[in-house]
Enquirer: 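Structure in structure tokens, see below.
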Amino acid sequence: MFTTSSVPRRRGVAALAIALATTLGLSACSSGSSAGSDDLGKPQAGGTLKVAFWPDNAAFSCVDPFQTYWIEHRTVIRNLADSLTDQDPETGEITPWLAKSWAIAPDGKAYTFHLRDGVTFSDGTPVDAAAIKGNVDGWLETVKATNGAAFGSSYILGLKSATVVDPLTVELDFSTPNSSFLQATSTTNLAIVAPDAFTRTPEQRCLGEYVASGAFTLDSYKPNELLTISRRPGYTWGSALSKNTKEAYLDKVEFSYVAEDSVRTGNLVSGAVDIAWPRNPFTVEDRALIEASDATVESRSLPGVSQSLFPNVTDGRPLSDLDVRQAFVKALDLKSYATTIYGDDYPVVGGAFDETTTYYVSQADKLAHDKAGAEKLLDAAGWTLGKGGYRYKDGEKLTLKNLIQVSTPGDELIQDQLKQVGIDLVLDVVPAAERPAAITNGDYDLVGTYFTRADPGALQFILDPDLANSKALAVNSSSPETLAEIKDLFATAARTTDDAVSKTAYADLQALLVDQGVTIPVVERLQYAGVSNKVGGFAFTSESFLKLNDVWKKQ
Amino acid sequence: MTVPIPPAGQPVPSGLDRAVEESLLDDAPVVGRRGNTVRTLKRLGRKPGFVLALVLIVFVVLTAFVPSWFTGFDPTATSPKDRLLSPSLTHPFGTDDLGRDLWTRMLHGSALTIKATLIALSIAIVAGLTLGVVSGFFGGLVDVVLMRFVDVLLAVPSLLFALAIVTALGFGTVPVAIAVGVGIVPGFARTTRAEVLRVKTLPYVEAARAGGASWLRVLVRHVLPNSWGPVLVLAVLDTGVAIIAIASLSFLGFGAAPPAAEWGTLISNGRNFLITAPWVSLLPGLFVGAVVLSLNHLSKTLQELGR
């Protein structure tokens, strides 16, 4: 199959995909513009855009920028609230937005932002240095109030305070350097809201009780039902990364929540919605259906941690043996996974991170499918073939328990791939509500998760027990020695202001994660969007969210 | 049907005893119970619908025990290159999105579904019969309390009730079977009670009591054997109901752990390909439909015979 030649081959596939996509009239790996707009003519103002999401977060319905981790709502927030900076989805470069310029102190402990003049929140109050300070204070309070559970906590590590230098200059001070903070200011989670929002409780803010300075304002949010936003008149401060930096074209946008993938696709094909925005990538069949209906399929890798399995390496568990972990990786046929589940042109995952993540280095050669190699490693580790084609050691079967929430075809494919080398993978269906407890109690061997953020630091929030949402998962994923190495590399990357140092540290980290089997990458996460042929100006942000500044609808 | 009143002091002979006696005593070749059975079978044999239904059910039961007789594929072996093939001679039901032969998965699913159905029915029959007999036979306060309890159970939609139970018990074939079984207990209890109330007033029961038989003996020897005819018909009918309920629960993802697939799981797996590869959902769905229809037909025919 694919061994050492996998890197060039993979690029070949990507190139082919892009070529194909271009001929089909869709922009495969996302650019700022949509191919459709040329055929549609000039942008028109007005109209209501209907977007269908997958179901709302039942456990935590929230549209507050700082608190939510739900990627669909981060898409909504991108259009409601502006950030200090923006990030170019193509180059990863940080560009001005609410801040027209900034300076970072040589020790990395102070960031000074010079704000653009004349920007106002939708309630008329100005976006000035005091407002930014209000946000910083609010973030720090929210971290305390939620015990660090607010998603934004992960973006402001080391942030201590903010000082108003003059009405349009604000300085943010850090107790420890945080090299990824500049990128963090471009994210939706650190989007700026009118500071009086922080007088409300975190729960009230989650339900939309805040105003911001974005191109749209929130009309109503009914969790898991409908969310509507309207154009903000007088908006003139869009990021230069959008073609249209003035008022948005659309009058209104309605986001609905559709549970069934096939229904969501059907809604787009029948014209009931203009954009179908799935969480899990479209199946090949759905893509064919969408393209047959003259709608287009847009896609971009979601930056951050790829869809991966994290092992439980606690003593006594089969995966505590590095050989077994490596055999597991070799037994997986990731290319076959990508093509079978998501189609021939679907990218193959190349490591702990998706390819749109800053500092991404492909580890594809180490992740190649190698059945013979896996068998050799397992034999050497003392697991020999026995009854039913499974492996045994001291009479015990090589059974690995994977905690899943719903059974997907992908899980069953992996199960069968592992069976080929004699590993018995048990798919243990645990509902979302019971999952944290199941992980804490430690009776599992593998658990899958991911994390969306355009910075490799994202992985700390899975692997570092001091920062992770699930401490148990973080503790179980690596041996104490490996964990120390991982933390060290993260710290090196965070403390420096020298880009080259960060780059080396993150490259070492990505190699270490795969060598030590700390993350077992399964599949690249692609954000797909099915876009009706009436819609022009479609664009992804650097976080692969939907940006509506340029979007318009043919009347 | 006329019931001969036995002389006092003697137990009422059971149907089998009587059949044996009659066939031994009577010289006529095909009369009496055995003759009735033969005649009934001949009559049934002339009903093509009944025969078809019976053949299908026998086939399903067979596949549940020896699926390998009917297929050469492995139900869990994936084959990406054979993904979503339409039905053909090699793959009568086509293949699913991982290239697994659907016919094979269907047959292997029979075992799980039949197992779940049998457990559900056993629970329903045992619990339903007990409740019904106790309630109908003893009457009075016992009857009132038990039947109000059954009323409450009947008031809760059975699928909702089953969902609540399966959520509490966890996922898997056995919990689903228990949930469905408990859900259909009330119907059995009611039917049994009605029959017991009818049988209880018949002269032979009175005679047995008068003859000095104990309550327990009357219950076991006389009331029970004579009241479960309608219960058996209901059992056949409820097999279909149980299969649908089990399929619904496994459709919702409460069934056996993957890669094992109950019928409902198979239907559910195809729902994203309804337009592009309709057979993935439709063929298993039609199969379940045919099985349930057959069971209904069987039970209806049995009911007609009973009249």
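What you see below is based on every heavy atom in this structure, not just the backbone, and it leaves out hydrogens, waters and symmetry mates. Quantities reported herein were computed from a predicted structural model and do not represent experimental measurements. In what follows, every chain begins at residue 1, and chains take the letters A, B, ... in the order their sequences are listed.
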Enquirer: Under 4.5 Å, counting heavy-atom pairs only, tell me which of B:Asn269, B:Thr265, B:Thr167, B:Asp97 racks up the most with chain A.
Expert: B:Asp97
Enquirer: At a heavy-atom separation under 4.5 Å, does B:Leu274 approach chain A through its side chain, its backbone, both, or neither?
Expert: neither
Enquirer: Flag the one option from A:Thr339, A:Asp416, A:Leu427 with the top tally of heavy-atom pairs under 4.5 Å to chain B.
Expert: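 With the most close heavy-atom pairs to chain B, the winner is A:Asp416.
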Enquirer: Run through A:Leu334, A:Ile414, A:Leu446, A:Leu367 and flag the one making a side chain to side chain contact (heavy atoms under 4.5 Å, CB included) with A:Ile520.
Expert: A:Leu446
Enquirer: State, with a plain yes or no, whether a side-chain heavy atom of A:Thr399 is found less than 4.5 Å away from one of A:Tyr390.
Expert: no
Enquirer: Tell me, side chain or backbone of A:Gln417 under 4.5 Å from chain B's heavy atoms, or both, or neither?
Expert: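 Looking at A:Gln417, nothing touches chain B.
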Enquirer: Does any heavy atom of chain A fall under 4.5 Å from the side chain of B:Asp82, the backbone, both, or neither of them?
Expert: neither
Enquirer: In terms of heavy-atom proximity below 4.5 Å to chain B, should A:Val406 be classed as side chain, backbone, both, or neither?
Expert: neither
Enquirer: Which one of A:Thr408, A:Asp261, A:Val426 has the most heavy-atom pairs closer than 4.5 Å to chain B?
Expert: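 Counting heavy-atom pairs under 4.5 Å, the top option is A:Asp261.
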Enquirer: Supply the atom-to-atom distance B:Phe73 CZ to B:Thr104 OG1, rounded to the nearest 0.5 angstrom.
Expert: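 So the CZ of B:Phe73 and the OG1 of B:Thr104 are separated by 6.0 Å.
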Enquirer: For the residue pair B:Thr78 and A:Glu412, confirm or rule out a side-chain donor-acceptor distance under 3.5 Å.
Expert: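 The answer is no; no qualifying pair exists.
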Enquirer: Once you measure the plane-to-plane angle for B:Phe93 and B:Phe287, does it fall in the parallel (<30°), tilted (30-60°) or perpendicular (>60°) bin?
Expert: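 Rings of B:Phe93 and B:Phe287: perpendicular, as their planes differ by over 60°.
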Enquirer: Side chain, backbone, both or neither: which part of B:Arg271 has a heavy atom under 4.5 Å from chain A?
Expert: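 For B:Arg271, the contact with chain A is made by backbone and side chain together.
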Enquirer: Is A:Gln415 close to chain B through its backbone or its side chain, or both, or neither, when contacts mean heavy atoms under 4.5 Å?
Expert: side chain
Enquirer: As an exercise, state the distance from CG of A:Leu289 to CG of A:Leu268, rounded to the nearest 0.5 Å.
Expert: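 Here the rounded value is 9.0 Å.
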Enquirer: Can you find a side-chain donor-acceptor pair between A:Thr265 and A:Asp286 that sits under 3.5 Å?
Expert: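 Present: a donor and an acceptor within the cut-off.
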